[in-house]
Protein chains: 2
Amino acid sequence: MSQKVTIKDIAKKLNVTPSTISRALSDHPSISVKTKSLVKKTALKMNYHPNKMASSLRKGKGHSIGVVLPKINSNFMSNCIFGIESVTYPSGYDLIICQSNEFYEKEKDNIEALLASGVSGVLISLSMDTKDTEHLNNVLKRNVPLVMFDRIEESFSVDSAVNDDRVISAEAVVHLAAQGYKKIAILSGPTHSYVYNNRLMGYLDGLRLSGLEIKEDRIFSNIVSEEDAKNLVSNVLKKESKESRPDAFFCTGDKVALGAMQAAREAGLGIPSDIGVVGYANDPFSKIITPSLTTIEQFPKEIGTSAAKIIIDLIKQGKTFSSPNKKVLIKPQLRIRESSSRVPNFSCNT
Amino acid sequence: MSQKVTIKDIAKKLNVTPSTISRALSDHPSISVKTKSLVKKTALKMNYHPNKMASSLRKGKGHSIGVVLPKINSNFMSNCIFGIESVTYPSGYDLIICQSNEFYEKEKDNIEALLASGVSGVLISLSMDTKDTEHLNNVLKRNVPLVMFDRIEESFSVDSAVNDDRVISAEAVVHLAAQGYKKIAILSGPTHSYVYNNRLMGYLDGLRLSGLEIKEDRIFSNIVSEEDAKNLVSNVLKKESKESRPDAFFCTGDKVALGAMQAAREAGLGIPSDIGVVGYANDPFSKIITPSLTTIEQFPKEIGTSAAKIIIDLIKQGKTFSSPNKKVLIKPQLRIRESSSRVPNFSCNT
DNA sequence: ATGAAAGCGCTAACAA
DNA sequence: TTGTTAGCGCTTTCAT
């Protein structure tokens, strides 16, 4: 019923041409200050609202940025989006959010849909089963900037923003070693994942740094849930002798750590006295449980803002990626709590 | 570099007019089956991708649905979006997400931006300081369907999807009463909020149903954080005599419940023996802590899907709201756990 | 069953 | 400093 007011209407009213109105509204330098203010005032009075569809079509590119991610409903991802929005909104971009649900095909569809909608840029965190990067190439081919965040593919050369998982994982392991744990095991996720791979590398770094032995049979992969962890740790503690079995578990997720703790307790072992446990993510519950869980706090908002800033820059510069590629590493922090602290006077920074 | 392929190019290649291509691609009835399949095949071969900006402009309306909400980074909200997406994606709509950050002004801006982008519909959960509904009216004026979810304004007549907070709150209070608690207090949020108001009403209902006395000084509002709760409960337990003080706290948030529990414990009182506690939200930690927390599980995904379904219907019908208004109530569930169970043989459904 | 032509609202060369 | 003009790619009435 409304939105009949176009640039033409204002032009008619002021006896000038539409071009003048268009220019005045977008602060074109060659329009007199007087005209500008008159036009703007009139536009306001007439309740004019620019039609973005028209300008998008004309300019060949919209005013929105697309985000493709596996699942929005996680603490980590929703905070990434929060960060992204805090940057894109002030820059005048709409955010179009798509979920791949961890499916390559949907991810591909999402990207096509975004391109068809004329997004000015694409932010992506890859699905678990993304095998190739052809769809990502399509983005670049259309001359649309692409930035990866969190779940990235290193072989694909674009800018990115990620956790510095490796360094902090090493730090966590070194911490465990400093507490006197000598047979530290890792409970990690899927081996082909960039994220979990890095955590594993950090684990190995940490062992080396601490002069501890690396043993294949202390590396457990594909442990994703509390259940997985509980079963596995339970078995490990049962099967192995007191001498050979792990005395600490570096877990790449807090839920996983929780499962490990339960298994240890059920095996009659004390935490942190007999078994040390470190988690990952600083889930709200980690601080609350007994014993409180040492864990790694990530900064998803910062990952989001970093990725968003990069893409806004790229859009401004009209480039699809930086050369050399930019890779922003956001360093997580170790939150030392009870589950790994058996040396008295440990520092407990929340 | 790509996306040069338009409807015109296909037309040229096949020696027909653009109109034919357009019609063929959109399955217009008056195009021969043969032509259709030929056109589609060619389009595919030429790697044609429709330009949504153009069709949006032409049709005066886009292919996206706008969502305005206070903050995306909560478990509740991100799951609402998850639900929304699961409905809008199959229907072919993009999702444009905006955060109001609890500011009325930003909410207003968000809506304007969405309308300018030509969204086909708007889903909104109101900000805390939304005072009037003029901006909502603008949506309807432009003939764009509007559906509210979770944080709604009852005086504004459009369709909505919300938690059935009142009924479940009553149920929770009745449960406490059944466990022998007689002086049940409520720790609620801002009084002017639709959501908290409903929980308060349910609380009163519950007391009435149980034949318990309603006492003003057992109703505490504006308790939002763990901190708030801890301080308040601590004071209450200190100040009042054993006879007059509350023996149970119905908390309208799990974090709040946590604070209450801590205060009780610090006052040397047992949970659930001396003090019963019920939370709200079924936060992951509620099941893990000791004693485990009785709480109310909400179904944000269902709220999202319900709201989305309504708006898709409205778009199809070309209406901005149903008359009479549709109001979908999603019933939460009481998760009875240790913090409120002092009668033996209580049922513990997770 | 297909073609011709106009136009959605805005922008941007090119002119003046 | 402002006007003229053309057109982004698609849809859709009206004609054939």
Side-chain angles (χ1 to χ4, degrees), chain A residues 2-40 42-43 46-64 92 115-120 142-144 318, chain B residues 2-40 42-43 46-64 92 115-120 142-143:
Chain A
S2 169
Q3 172 58 348
K4 299 264 63 153
V5 191
T6 80
I7 232 174
K8 260 185 180 168
D9 300 317
I10 309 181
K12 218 169 287 172
K13 183 136 193 172
L14 297 180
N15 274 320
V16 290
T17 58
S19 350
T20 304
I21 306 297
S22 172
R23 289 192 268 245
L25 289 173
S26 49
D27 271 319
H28 190 100
S30 71
I31 294 285
S32 75
V33 182
K34 215 181 108 201
T35 314
K36 271 184 197 168
S37 74
L38 177 62
V39 168
K40 285 179 184 170
T42 317
M46 295 179 70
N47 195 28
Y48 166 78
H49 292 282
N51 182 324
K52 288 192 194 168
M53 294 182 276
S55 86
S56 298
L57 174 58
R58 180 58 234 251
K59 303 210 278 208
K61 193 127 293 179
H63 47 278
S64 49
L115 292 173
S117 300
V119 292
S120 305
R142 302 251 208 127
N143 213 24
V144 172
Chain B
S2 170
Q3 172 57 348
K4 299 265 62 152
V5 191
T6 79
I7 231 174
K8 260 185 178 168
D9 300 316
I10 309 181
K12 217 169 287 170
K13 184 133 190 175
L14 297 181
N15 275 319
V16 290
T17 58
S19 346
T20 305
I21 306 297
S22 172
R23 289 192 267 243
L25 289 173
S26 50
D27 272 320
H28 190 100
S30 73
I31 295 285
S32 76
V33 182
K34 216 182 109 198
T35 314
K36 271 184 196 169
S37 75
L38 178 62
V39 167
K40 284 179 184 169
T42 317
M46 295 178 72
N47 196 29
Y48 166 78
H49 291 282
N51 183 323
K52 288 193 195 168
M53 295 181 276
S55 84
S56 298
L57 173 59
R58 181 56 234 254
K59 304 209 278 207
K61 191 126 293 180
H63 48 279
S64 49
L115 291 175
S117 299
V119 293
S120 306
R142 302 252 209 125
N143 213 24

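Below, chain A is the first sequence line, B the second, and so on; all start at residue 1.
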Pairing residues for Ser32(A) by the side chain to side chain donor-acceptor pair (under 3.5 Å) criterion, not counting sequence neighbours: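 Per chain and number, Ser32(A) pairs via side chain to side chain donor-acceptor pair (under 3.5 Å) with Thr35(A).
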
Between the protein and nucleotides 3-5 of chain D, which nitrogen or oxygen pairs come in under 3.5 angstrom?
{"unit_1": "dG3(D)", "atom_1": "OP2", "unit_2": "Thr17(A)", "atom_2": "N", "d": "3.1"}
{"unit_1": "dG3(D)", "atom_1": "OP2", "unit_2": "Thr17(A)", "atom_2": "OG1", "d": "3.0"}
{"unit_1": "dG3(D)", "atom_1": "OP2", "unit_2": "Thr20(A)", "atom_2": "OG1", "d": "2.5"}
{"unit_1": "dG3(D)", "atom_1": "N7", "unit_2": "Arg23(A)", "atom_2": "NH2", "d": "2.6"}
{"unit_1": "dG3(D)", "atom_1": "O6", "unit_2": "Arg23(A)", "atom_2": "NH1", "d": "2.9"}
{"unit_1": "dG3(D)", "atom_1": "O6", "unit_2": "Arg23(A)", "atom_2": "NH2", "d": "2.8"}
{"unit_1": "dT4(D)", "atom_1": "O4", "unit_2": "Ser19(A)", "atom_2": "OG", "d": "3.1"}

Give the rounded distance in Å between these two atoms: [atom1] of [X] and [atom2] of [N].
X: Ile7(B); N: dG9(D); atom1: CD1; atom2: P; answer: 11 Å
X: Leu57(B); N: dC8(C); atom1: CG; atom2: C1'; answer: 4 Å
X: Ile21(B); N: dT12(D); atom1: CD1; atom2: C1'; answer: 16 Å
X: Leu25(B); N: dT12(D); atom1: CG; atom2: C1'; answer: 15 Å
X: Lys34(A); N: dT2(D); atom1: NZ; atom2: P; answer: 9 Å
X: Arg142(B); N: dG9(C); atom1: CZ; atom2: P; answer: 12 Å
X: Asn51(A); N: dC8(C); atom1: CG; atom2: P; answer: 11 Å
X: Lys59(A); N: dC8(C); atom1: NZ; atom2: P; answer: 20 Å

All side-chain contact (heavy atoms from CB on, under 4.5 Å) counterparts of Leu14(A), not counting sequence neighbours: Ile10(A), Val16(A), Ile21(A), Leu38(A), Val39(A), Thr42(A)

From dC10(D), dC8(C), dT2(C), nucleotide with atom closest to Ser30(B) side chain: dT2(C)

Side chain of Thr6(B) - closest among dC10(D), dT12(D), dT2(C):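 Side chain of Thr6(B) sits closest to dC10(D).
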
Ser117(B) (side chain) donor-acceptor with Val119(B) (main chain) under 3.5 angstrom: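 Here the side-chain-to-backbone pair does not exist.
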
Below 4.0 Å: OP1/OP2 of dC10(D) and any side-chain N or O of Tyr48(B): yes

Short side-chain N/O contact from Ser56(A) to OP1 or OP2 of dC8(D), under 4.0 Å: no

Position toward the 5' end of DNA chain C (nearest nucleotide), Met53(A) or Thr35(B):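 So the residue in question is Thr35(B).
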
Rounded distance [0.5 Å steps], CZ in Arg142(B) versus CG in Leu115(B): 4.5 Å

Exercise: do Asn51(B) and His49(B) side chains pair donor with acceptor under 3.5 Å: no

Donor-acceptor pair between His28(B) and Ser26(B) side chains, under 3.5 angstrom: no

Within-4.5 Å side-chain heavy-atom neighbours: Leu25(B) and Tyr48(B):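 Result yes, sub-4.5 Å side-chain heavy-atom pair found.
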
